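If you're wondering where the values come from, they're calculated on a predicted model, not measured in any experiment.
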Amino acid sequence: MLRQQDVGHRIVVRRIVGIREGRPLFSDALGELVELSETHLTLATAQGQLRVPVAQVHRAKRVPPTRRPTAAAVVALERAADEAWPAPTRGRLGDWLLRSAEGWTGRANSALPIGDPDRPLAAAVDAVERWYAELGQPALINTPLPLAAPVGAELDARGWGSRPPTLVQTAPLPLLAPTPANAPTGGWGGAGVELATAPSDEWLAIAAGRKGGLPDAARHVLTAVDQVRFAHVYADDALVAVGRGTVTGQGRWLGLSLIEVLPSARRQGLARRVINELAAWGGTSGATHAFLQVEQRNAAAVALYQRLGFTTHHTYLTRVAPN
């Protein structure tokens with residue numbers, strides 16, 4: 001049976017659609033799992049969304065994607081994502097990137113092993129461990145899969161751990177369903193989205209609360225991008241929702257990050273409004289596609305992004321060196 005870890009992935013469901021002569025009739029559905037609850041599962045199929053009661057599910061399982069992205073496509077997107085989240089302290093091992101930002105976020109404090117490290121694999125991992133040890137930080141390596149599977153095998157042999165899988169999702173611009181028909185029009189649901197070239201102090205406070213502090217290096221990560229916008233949504237003079245957008249990858253990619261709505265203002269459609277405003281800005285800036293990174297276990301966020309047209313391009317694991 002399916003689990004929350006399967007949300008955002010392609011699945012096949014065999015469901016019971018009737019009974020004939022005392023025997024069940026089955027129908028198969030193929031699509032991306034949008035939502036999974038105790039009572040229902042929802043798929044995005046080629047014919048539209050399909051909601052299936054769990055009681056009608058005879059069998060369900062994850063299946064491989066229709067087509068994997070090429071290695072070149074994964075590398076290009078990972079480079080664009082690195083530009084969108086730039087660590088202030090950087091090094092190189094051949095094509096591999098080494099990144100540090102005072103420990104703020106895994107993405108900005110991990111090696112990115114794509115391309116040729118200009119040395120044998122074991123020696124490259126040794127060099128990564130030394131680089132982070134000299135900074136007094138734990139060694140982290142982000143492994144895009146399946147591209148970096150050989151690196152992952154080397155790390156497995158060394159006893160490295162893993163953080164929860166992260167989905168790298170993409171969608172063409174403009175996004176789907178810019179404004180749902182049942183979106184609230186009053187209160188917070190009708191609040192406007194303001195875009196600025198710099199984050200306000202209140203914006204930074206929300207980011208600090210989400211990410212566990214805000215060292216000087218974090219401000220560099222957030223602002224050191226040529227094309228960047230910070231979304232602010234105010235209600236009753238209080239900031240209730242934020243988001244960040246960047247355009248990188250030679251102008252092709254809109255990167256979405258730090259989409260956050262305060263608990264008191266959730267379920268008002270504000271996250272969708274923030275994303276759509278940033279997507280509109282990205283489109284006018286020349287971007288043709290959007291990307292974001294979301295933990296696979298964050299089912300609510302994955303479901304929202306699915307409704308906006310995002311699908312999983314590839315996944316990555318953040319690998320952690322043993323103590």
Quiz item: Atom CG of Leu262 and atom CG of Leu239: how far apart are they, to the nearest 0.5 Å?
Solution: 7.0 Å
Practice problem: State which residues pass ring-ring contact (aromatic ring centres under 6.0 Å, His included) with Trp85; sequence neighbours excluded, sorted by chain then number. | Solution: Trp104
Exercise. Check whether any side-chain N or O of Arg319 sits under 3.5 Å from a backbone N or O of Gly161 as a donor-acceptor pair, and report yes or no.
Key: yes
Exercise. Please examine the side chains of Gln296 and Val302, heavy atoms only from C-beta on, and report whether any two atoms are closer than 4.5 Å.
Key: no
Quiz item: In terms of hydrophobic clustering (I, L, V, M, F, W, Y; side-chain heavy atoms under 4.5 Å; direct or indirect links), are Leu77 and Leu256 co-clustered?
Solution: no
Exercise. Give a yes or no on whether a salt bridge exists between Arg158 and Glu154, defined as a side-chain N under 4.0 angstrom from a carboxylate O.
Key: yes
Practice problem: State yes or no: do Val233 and Leu278 share one hydrophobic cluster built from I, L, V, M, F, W and Y residues joined by side-chain heavy-atom distances below 4.5 Å, directly or via other members? | Solution: yes
Quiz prompt | Glu295 atom CD, neighbour heavy-atom count above 12 within 6.0 Å | solution = yes
Self-check item: Note, Glu78 side chain near Val168 side chain (heavy atom, < 4.5 Å)
Solution: yes
Quiz item: Thinking salt bridges, do Asp126 and Arg119 make one under a 4.0 Å N-O criterion?
Solution: no
Quiz item: Is there a path of hydrophobic side-chain contacts, each under 4.5 Å between heavy atoms of I, L, V, M, F, W or Y residues, that connects Val228 with Phe291?
Solution: no
Self-check item: Shortest non-hydrogen contact from Gly283 toward Leu173
Solution: N-CD1, 4.1 Å
Quiz prompt | Atom pair CZ/CG of Arg99 and Leu112 - distance to nearest 0.5 Å | solution = 4.5 Å
Exercise. Indicate if Leu147 and Leu317 have the same hydrophobic cluster label, given that clusters are the connected sets of ILVMFWY residues with side-chain heavy-atom separations under 4.5 angstrom.
Key: no
Practice problem: Would you mind reporting whether Asn109 and Gln137 have side-chain heavy atoms less than 4.5 Å apart? | Solution: yes
Self-check item: Close side-chain approach of Leu50 to Arg15, heavy-atom, < 4.5 Å
Solution: yes
Self-check item: Steps toward side-chain contact (heavy atoms from CB on, under 4.5 Å) verdict (Val240, Gln268)
Solution: CA-CA 11 Å; Val240 295; Gln268 300 288 327; over 6 Å; no
Quiz item: In terms of ring plane angle, is the pair Trp253 and His289 parallel, tilted or perpendicular, where the classes change at 30° and 60°?
Solution: tilted
Quiz item: Is there side-chain contact between Phe230 and Leu258, with at least one heavy-atom pair below 4.5 Å?
Solution: no
Quiz prompt | side-chain contact (heavy atoms from CB on, under 4.5 Å) between Arg163 and Leu140, intermediate numbers included | solution = CA-CA 10 Å; Arg163 292 181 179 174; Leu140 304 177; 4.1 Å; yes
Exercise. Tell me whether the centres of the aromatic rings in Phe26 and His58 are closer together than 6.0 Å.
Key: yes
Practice problem: Over all heavy atoms of both residues, which pair between Pro88 and Ala217 is shortest? Give the atoms and the distance, please. | Solution: CG-CB, 3.8 Å
Practice problem: Evaluate whether atom CZ of Arg59 has more than 12 neighbouring non-hydrogen atoms of other residues, nucleotides or ligands under 6.0 angstrom away. | Solution: no
Quiz item: So, for Ala271 and Leu304, which heavy atoms are closest and what is the spacing to 0.1 Å?
Solution: CB-CD2, 3.9 Å
Quiz item: Are Leu308 and Leu33 in one and the same hydrophobic cluster, where Ile, Leu, Val, Met, Phe, Trp and Tyr link if side-chain heavy atoms are under 4.5 Å apart?
Solution: yes
Quiz item: Between CG of Leu43 and CZ of Arg10, what distance do you get to the nearest 0.5 Å?
Solution: 11.0 Å
Practice problem: Mind listing the closest non-hydrogen atom pair of Arg210 and Ile259 along with its distance? | Solution: NH1-O, 3.0 Å
Practice problem: Count the heavy atoms of every other residue, nucleotide or ligand shown that sit under 6.0 Å from CG of Asp116, and state whether that count exceeds 12. | Solution: yes
Quiz item: Taking C-beta and beyond as the side chain, do Leu222 and Leu204 meet within less than 4.5 Å on heavy atoms?
Solution: yes
Self-check item: Pair Glu260 + Arg266: basic N to acidic O under 4.0 Å
Solution: yes
Practice problem: Before accepting this row, confirm whether a basic side-chain N of the pair Lys61/Asp6 lies closer than 4.0 Å to the acidic partner's carboxylate O. | Solution: no
Exercise. Quick one: do Glu83 and Val225 satisfy side-chain contact (heavy atoms from CB on, under 4.5 Å)? Show the steps, please.
Key: CA-CA 7 Å; Glu83 292 175 38; Val225 182; over 6 Å; no
Quiz prompt | Closest approach of Arg307 to Leu176 (non-hydrogen atoms, all atoms of both residues) | solution = O-CB, 3.9 Å
Practice problem: Quick one: closest heavy-atom pair of Pro144 and Asn142, and the distance? | Solution: CD-O, 3.3 Å
Exercise. Apply side-chain contact (heavy atoms from CB on, under 4.5 Å) to the pair Val221 and Thr105, showing each step before the final yes or no.
Key: CA-CA 10 Å; Val221 171; Thr105 76; 5.5 Å; no
Quiz prompt | Donor + acceptor pair across side chains of His232, Glu202 (<3.5 Å) | solution = no
Quiz prompt | Note, Trp96 side chain near Val128 side chain (heavy atom, < 4.5 Å) | solution = yes
Quiz item: Which residue, Thr315, Thr311, Thr312, forms the side-chain hydrogen bond (donor to acceptor under 3.5 Å, both in side chains) with Gln169?
Solution: Thr312
Quiz item: So do Tyr316 and Ser110 actually touch side chain to side chain, heavy atoms under 4.5 Å?
Solution: no
